[in-house]
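Sequential numbering from 1 along the given sequence is applied to the chain's residues.
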Amino acid sequence: MSTTEPTVPAAGGAPRAKAVSGAAVGMGPRPTEGPLEGGGATRGERGGRLIGLALLALALLLVLFRPWLPEALMRLPETLVLPLADWINAAFAFVKDDLGFVHVTRFVAGGIESLLDVTANLLYGKRRWPNVGPVPWMVVALGAAMLGYALGGWRLALLGGGTFVWVALMGQWTWTMETLSVIVVAVPVAVLLGLALGIGAWKSRAVERVLDPLLNVAQSLPHFAYMIPVVVFIGVGPKAGAIVTIVFAVPPMIRMTLLGLRKVPPEIVESGQMCGSTRWQLLRHVRVPSARREILVGVNQVIMQSLAMVVLASFIGMPGLGQKLLQLLQSLKIGRSIEIGITIVLLAIMLDRFSKAWVARQPLHHERDVPWWRRHRLALVWLALTIALFALASVWPLAHEIPRRAAFSLSKPLDATVGALLTLIDPVTLAIRSFLITKVLVPLRDAYLWLPFSAVIALVAGVAWRVGGGRSALLCTAFVAFIALSGWWERAMITAYMVSFAVLVAALVGLPLGVWASRSARRARRVLLLCDTLQTFPSFIYLIPVIMLFGVNDVAAIAAVVVFGTVPMARYTIEGLRGVPETLLEASDMAGATRGQKLRSVALPMAVPTIMVGLNQTVMFSLFMVIIAAFIGTQDLGQEMQRALSSTDVGKGLVLGLCVAFMGLLVDHLIGVWGGARRRALGID
């Protein structure tokens with residue numbers, strides 16, 4: 001999934017995340033009461049602190065006296081476990097069969113399938129209306145190059161054209177077009193749906209209140225949780241892949257639309273009203289154009305989310321690059337997996353750079369007396385070259401499509417290189433894997449499973465009370481209680497152990513990397529460019545190198561999570577430190593502070609709120625990646641989710657997805673409340 005988070009300058013120059021959670025766009029206010037806020041402690045705040053300390057002491061006592069605890073405090077008794085999956089399955093059966101909602105979903109799926117037939121015919125020649133395809137690969141490459149040139153000049157032209165030249169020469173044209181045929185349909189539908197819902201939330205507070213919790217949960221659910229209901233209502237194949245992609249990609253578009261409309265200056269609206277504009281004209285010609293940048297950022301996120309989901313939708317029969325990569329990884333064909341991985345990465349980078357260039361590009365207005373052909377000369381050049389390439393493809397088959405047998409392949413040299421590399425470093429990786437499994441991971445997993453569930457609930461309640469008061473404690477306790485009542489406590493604790501260890505390692509790598517990069521503007525630009533590039537990669541790509549190095553085990557899964565989670569930690573550390581006001585740094589220089597003192601006493605404290613946003617993103621990225629990494633053999637919630645997907649058990653899949661979502665929302669809430677209090681204490685927000 002693209003997961004690039006846009007930022008906007010906060011007060012003092014420090015960037016803060018946009019569309020990270022509901023509070024970022026005003027949807028659902030964060031709790032403002034709590035012991036961390038305000039100056040002197042009131043009697044109520046002191047009482048809150050004592051309650052928090054009492055809960056933490058209770059958690060400690062439950063751990064210390066574990067050998068003597070009754071079984072009911074160790075694990076929730078089976079009689080108290082709620083049959084949530086059965087209830088959800090019964091509700092789905094009622095909606096699907098008794099209410100006949102399946103006919104509505106099949107009707108919608110039929111419309112999506114009609115659009116998919118058109119794109120499939122045009123892009124890879126599926127025998128459907130309008131029966132004119134497929135478009136020659138040279139024409140597609142030319143179109144990408146011309147679009148790149150129009151958006152950003154020669155560099156983007158080379159990126160766009162070069163990507164499709166690579167695809168054609170490597171014999172991956174059909175698989176790539178199968179993937180793009182779904183993206184071409186899913187992205188416009190998701191954008192229009194998200195734009196409409198975002199406008200609805202902006203116009204109606206009631207709509208916003210309904211959407212807020214739904215979006216919070218939706219943006220915390222793992223990918224597989226979306227797939228199971230779609231399989232039940234729609235089936236499998238391209239139409240199921242398109243619909244799950246649309247549903248998955250809509251939330252960021254809603255967030256960014258709402259944010260953009262709320263940021264429109266009132267002066268612009270007043271000028272439109274003074275011109276006699278109606279409400280529709282104000283929306284169409286004033287508000288939406290003024291929110292153009294945020295809306296286009298939402299389009300960028302929709303595109304990247306769509307690519308990430310289309311690749312993963314191979315698990316529900318979606319053909320294309322994702323399905324081929326899945327097959328190659330299952331057979332451990334590393335060389336060909338790398339070829340497919342390079343193609344997916346190039347597509348991700350191209351789509352990301354194109355959409356970002358669209359965000360940055362301002363509309364071009366010509367003088368009235370400029371001739372039509374001069375205003376559209378780039379389009380005319382493209383049209384002329386397209387006609388020429390169609391003519392060339394009609395007489396030269398290789399200009400139309402390069403068959404697999406005539407294509408290039410790097411798989412053999414890649415296999416040889418990887419084999420030689422693995423032979424060289426195998427003793428090292430084997431030692432690392434053995435040490436981590438026996439000395440770190442297994443003991444840590446056993447420790448998490450050893451903890452009484454009552455102690456964990458008391459610990460979470462105590463921390464939440466200390467951070468945000470009684471409301472935070474109730475909310476976070478409800479999150480943990482749901483996991484206990486669902487009957488998936490052990491699997492959730494295995495997930496928690498993997499995520500917590502991966503986040504720790506990612507922070508130990510990303511924080512020093514960010515500090516080092518922030519010391520130089522050049523280093524910061526280079527590392528941020530690397531982070532931007534890595535964040536465009538669909539998460540599936542990160543499995544290739546770790547499987548190659550560590551095989552199929554928990555070490556490989558955690559290694560993928562660490563790499564995936566280090567990126568936001570490094571990124572937000574750089575942005576936080578580079579955003580510290582120069583006046584504060586100059587004041588510390590005048591006070592005679594050393595570079596280390598300036599970092600410890602000025603820069604880091606001021607950057608902590610932004611760094612905590614990075615930590616929050618690292619946790620969320622790690623949760624998503626752990627679930628995906630279940631593909632290579634873990635024993636956590638992700639593995640059970642894949643089993644639910646294979647058996648189309650909607651209830652089980654949604655319960656597991658909610659367990660993952662509530663773990664993420666718990667961390668998001670605590671970091672959000674603490675970060676908000678810290679920003680107010682520093683005078684940043």
For [Y], is there any backbone N or O sitting under 3.5 Å from a side-chain donor or acceptor partner on [X]?
{"X": "T648", "Y": "V232", "value": "no"}
{"X": "E178", "Y": "G320", "value": "yes"}
{"X": "T245", "Y": "M309", "value": "no"}
{"X": "S306", "Y": "I183", "value": "no"}
{"X": "R375", "Y": "V370", "value": "yes"}
{"X": "Y226", "Y": "A218", "value": "yes"}
{"X": "N121", "Y": "R128", "value": "yes"}

Exercise for the section: Check each of R404, K324, E401 against T174 using the side-chain hydrogen bond (donor to acceptor under 3.5 Å, both in side chains) test, and report the only one that passes. Expected result: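 By the side-chain hydrogen bond (donor to acceptor under 3.5 Å, both in side chains) criterion, T174 pairs with just one of R404, K324, E401: E401.
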Return the minimal non-hydrogen interatomic distance between [X] and [Y], and the atom names on each side.
{"X": "R578", "Y": "A521", "value": "NH2-CB, 3.3 Å"}
{"X": "A225", "Y": "G657", "value": "CB-CA, 4.0 Å"}
{"X": "M318", "Y": "P238", "value": "SD-CA, 3.8 Å"}
{"X": "G194", "Y": "T257", "value": "O-OG1, 4.1 Å"}
{"X": "A556", "Y": "G551", "value": "CB-O, 3.2 Å"}
{"X": "I112", "Y": "A242", "value": "CG2-CB, 3.8 Å"}

Nearest-0.5 Å distance that lies between atom [atom1] in [X] and atom [atom2] in [Y]:
{"X": "L528", "Y": "R523", "atom1": "CG", "atom2": "CZ", "answer": "12.5 Å"}
{"X": "S409", "Y": "L414", "atom1": "OG", "atom2": "CG", "answer": "8.0 Å"}
{"X": "I402", "Y": "Q172", "atom1": "CD1", "atom2": "CD", "answer": "11.5 Å"}
{"X": "T163", "Y": "I349", "atom1": "OG1", "atom2": "CD1", "answer": "8.0 Å"}
{"X": "T119", "Y": "D117", "atom1": "OG1", "atom2": "CG", "answer": "8.0 Å"}
{"X": "Q535", "Y": "F621", "atom1": "CD", "atom2": "CZ", "answer": "5.0 Å"}

Quick one: are [X] and [Y] in side-chain contact, heavy atoms under 4.5 Å?
{"X": "Q323", "Y": "F315", "value": "no"}
{"X": "T105", "Y": "V230", "value": "no"}
{"X": "M548", "Y": "L422", "value": "yes"}
{"X": "L296", "Y": "S355", "value": "no"}
{"X": "L389", "Y": "L392", "value": "yes"}
{"X": "L328", "Y": "I334", "value": "no"}
{"X": "F564", "Y": "T618", "value": "no"}
{"X": "H285", "Y": "S277", "value": "no"}

Do [X] and [Y] have side-chain atoms, one donor and one acceptor, less than 3.5 Å apart?
{"X": "D352", "Y": "T536", "value": "no"}
{"X": "Q219", "Y": "R255", "value": "yes"}
{"X": "T343", "Y": "W166", "value": "yes"}

Practice task
Might you confirm whether atom OH of Y149 has over 12 heavy atoms from other residues, nucleotides or ligands at distances under 6.0 Å?
Solution key: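 12 or below, so no.
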Practice task
For residues 373-401, pull every pair meeting ring-ring contact (aromatic ring centres under 6.0 Å, His included), keeping only residues two or more places apart or in separate chains.
Solution key: W372-H376
Practice task
Could you walk me through whether C531 and T566 pass the side-chain contact (heavy atoms from CB on, under 4.5 Å) test, one step at a time?
Solution key: CA-CA 9 Å; C531 290; T566 299; over 6 Å; no
Handout entry: Full working for side-chain contact (heavy atoms from CB on, under 4.5 Å) between R292 and W358
Key = CA-CA 10 Å; R292 174 184 179 276; W358 190 17; 4.0 Å; yes
Problem - Mutual orientation of the aromatic rings belonging to W137 and W173 [parallel < 30°, tilted 30-60°, perpendicular > 60°] - result: perpendicular
Practice task
Please work out whether the ring planes of Y542 and F537 are parallel, tilted or perpendicular, with thresholds of 30° and 60°.
Solution key: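 Judged by the thresholds at 30° and 60°, the geometry between Y542 and F537 is tilted.
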Problem - Working for side-chain contact (heavy atoms from CB on, under 4.5 Å), residues K333 and S411 - result: CA-CA 9 Å; K333 294 181 179 178; S411 59; over 6 Å; no
Problem - side chain to side chain donor-acceptor pair (under 3.5 Å) partners for T533, two or more places apart - result: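 Expected list: R353.
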Handout entry: Verdict with reasoning, L283 to V288, per side-chain contact (heavy atoms from CB on, under 4.5 Å)
Key = CA-CA 6 Å; L283 179 65; V288 170; 4.0 Å; yes
